[in-house]
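The next block holds one structure in the form of structure tokens; read it before the comments.
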Amino acid sequence: QVQLVESGGGLVQAGGSLRLSCAASRRTSSTLIMGWFRQAPGKEREFVAAITWSVGYTVYADSVKGRFTISRDNAKNTVYLQMNTLKPEDTALYYCAAKERAGSLRADYDYWGQGTQVTVST
């Protein structure tokens, strides 16, 4: 199966920035879509952003649009999430995900990383 390892999380003050990385290995040749999700304590996991591996088409949740940017590095099999102008409500465990079939970029992912914690203080 595809292995996904997130990194780059941490503690940052409101208004600051972080860049999350997701390194993928094994069976990435058939991966079509990479995405980021997040889950805050006591809340359900929510979609954040996604990118198609082939053409780089991106979609974002309304809550992060204009502040977050998802990108990919083909040579490194790595996906990034640049997070700017962070807000306390962005605090969550962020998960990288991979999808090996066409369809919605917001749901039905096949593989998940273990998550990296992002905490935004006031």
Side-chain angles (χ1 to χ4, degrees):
Q1 60 180 343
V2 176
Q3 305 293 321
L4 304 174
V5 180
E6 304 98 331
S7 62
L11 176 64
V12 64
Q13 291 185 319
S17 300
L18 284 173
R19 189 181 74 161
L20 306 183
S21 298
C22 174
S25 63
R26 300 295 302 276
R27 302 179 181 178
T28 59
S29 62
S30 61
T31 299
L32 299 177
I33 301 166
M34 300 291 292
W36 287 96
F37 292 75
R38 66 187 183 186
Q39 186 170 23
K43 296 185 178 180
E44 296 184 354
R45 184 167 55 192
E46 65 175 344
F47 170 80
V48 175
I51 185 169
T52 64
W53 199 259
S54 58
V55 301
Y57 174 77
T58 59
V59 296
Y60 297 91
D62 289 340
S63 60
V64 306
K65 191 173 297 182
R67 299 188 298 120
F68 291 10
T69 302
I70 188 171
S71 62
R72 77 214 194 280
D73 187 324
N74 294 329
K76 297 181 179 180
N77 286 329
T78 300
V79 175
Y80 304 95
L81 184 68
Q82 178 66 46
M83 305 185 295
N84 298 325
T85 319
L86 283 162
K87 305 175 181 180
E89 50 263 45
D90 295 318
T91 295
L93 187 64
Y94 283 71
Y95 296 92
C96 178
K99 188 174 182 178
E100 296 187 338
R101 58 187 181 275
S104 172
L105 274 65
R106 298 174 179 268
D108 301 321
Y109 282 75
D110 302 295
Y111 305 103
W112 298 83
Q114 294 182 341
T116 184
Q117 179 67 39
V118 172
T119 302
V120 184
S121 63
T122 59

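Values below: all heavy atoms of this structure, side chains included; hydrogens, waters and symmetry mates excluded.
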Residue pair Met83, Val118: steps toward the side-chain contact (heavy atoms from CB on, under 4.5 Å) verdict: CA-CA 10 Å; Met83 305 185 295; Val118 172; 3.8 Å; yes
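- The CG atom of Leu86 lies 10.5 Å from the OG1 atom of Thr119; values are rounded to the nearest 0.5 Å.
- We find the CZ-OG1 distance between Phe68 and Thr58 to be 14.0 Å, quoted to the nearest 0.5 Å.
- Going from atom CH2 of Trp36 over to atom CZ of Phe47 covers 12.5 Å, rounded to the nearest 0.5 Å.
- A donor-acceptor contact shorter than 3.5 Å is absent between the side chain of Thr116 and the backbone of Tyr94.
- Minimum heavy-atom separation, Ala102 to Leu32: N-CD1, 3.2 Å.
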Starting from the C-alpha separation in whole Å, work towards a yes-or-no answer on side-chain contact (heavy atoms from CB on, under 4.5 Å) for Ile70 and Met34. CA-CA 9 Å; Ile70 188 171; Met34 300 291 292; 5.5 Å; no
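- The six-membered or imidazole ring of Trp112 lies near that of Phe37, with a centre-to-centre distance under 6.0 Å.
- Contact annotation: the side chain of Tyr95 never approaches that of Leu4 to less than 4.5 Å [non-hydrogen atoms, C-beta and beyond].
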Please table the atom pairs, donor to acceptor, closer than 3.5 Å between any side-chain atom in residues 5-15 and protein atoms at least two apart or in another chain.
residue, atom, partner, partner atom, Å
Glu6, OE1, Gln114, N, 3.1
Glu6, OE1, Gly115, N, 2.9
Glu6, OE2, Cys96, N, 2.8
Glu6, OE2, Gly115, N, 3.2

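- With rounding to the nearest 0.5 Å, the separation of CG in Asn74 from OG in Ser54 is 9.5 Å.
- A distance-only check finds a donor-acceptor pair linking the side chain of Arg72 to the backbone of Trp53 [under 3.5 Å].
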Can you check side-chain contact (heavy atoms from CB on, under 4.5 Å) on Ser63 and Arg38, steps first, answer last? CA-CA 12 Å; Ser63 60; Arg38 66 187 183 186; 3.5 Å; yes
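- In the hydrophobic cluster analysis, where Ile, Leu, Val, Met, Phe, Trp and Tyr join through side-chain heavy atoms closer than 4.5 angstrom, Leu18 is grouped apart from Tyr80.
- Listed for the Tyr109 side chain is a donor-acceptor partner under 3.5 Å among the backbone atoms of Leu105.
- Between the Lys99 side chain and the Ala107 main chain, a donor and an acceptor come within less than 3.5 Å of each other.
- Summarising the geometry of Ile51 relative to Ser71, their closest heavy-atom pair is CD1-CA, 4.0 Å, with the distance given to 0.1 Å.
- Using a 4.5 Å cut-off on side-chain heavy atoms (C-beta onward), Ile33 and Arg101 make no contact.
- Residues that satisfy the salt bridge (charged side-chain N to carboxylate O under 4.0 Å, His left out) test with Asp108, not counting sequence neighbours, are absent from this structure.
- Partners of Lys65 according to the salt bridge (charged side-chain N to carboxylate O under 4.0 Å, His left out) rule, which considers only residues two or more places apart in sequence or in another chain, are Asp62.
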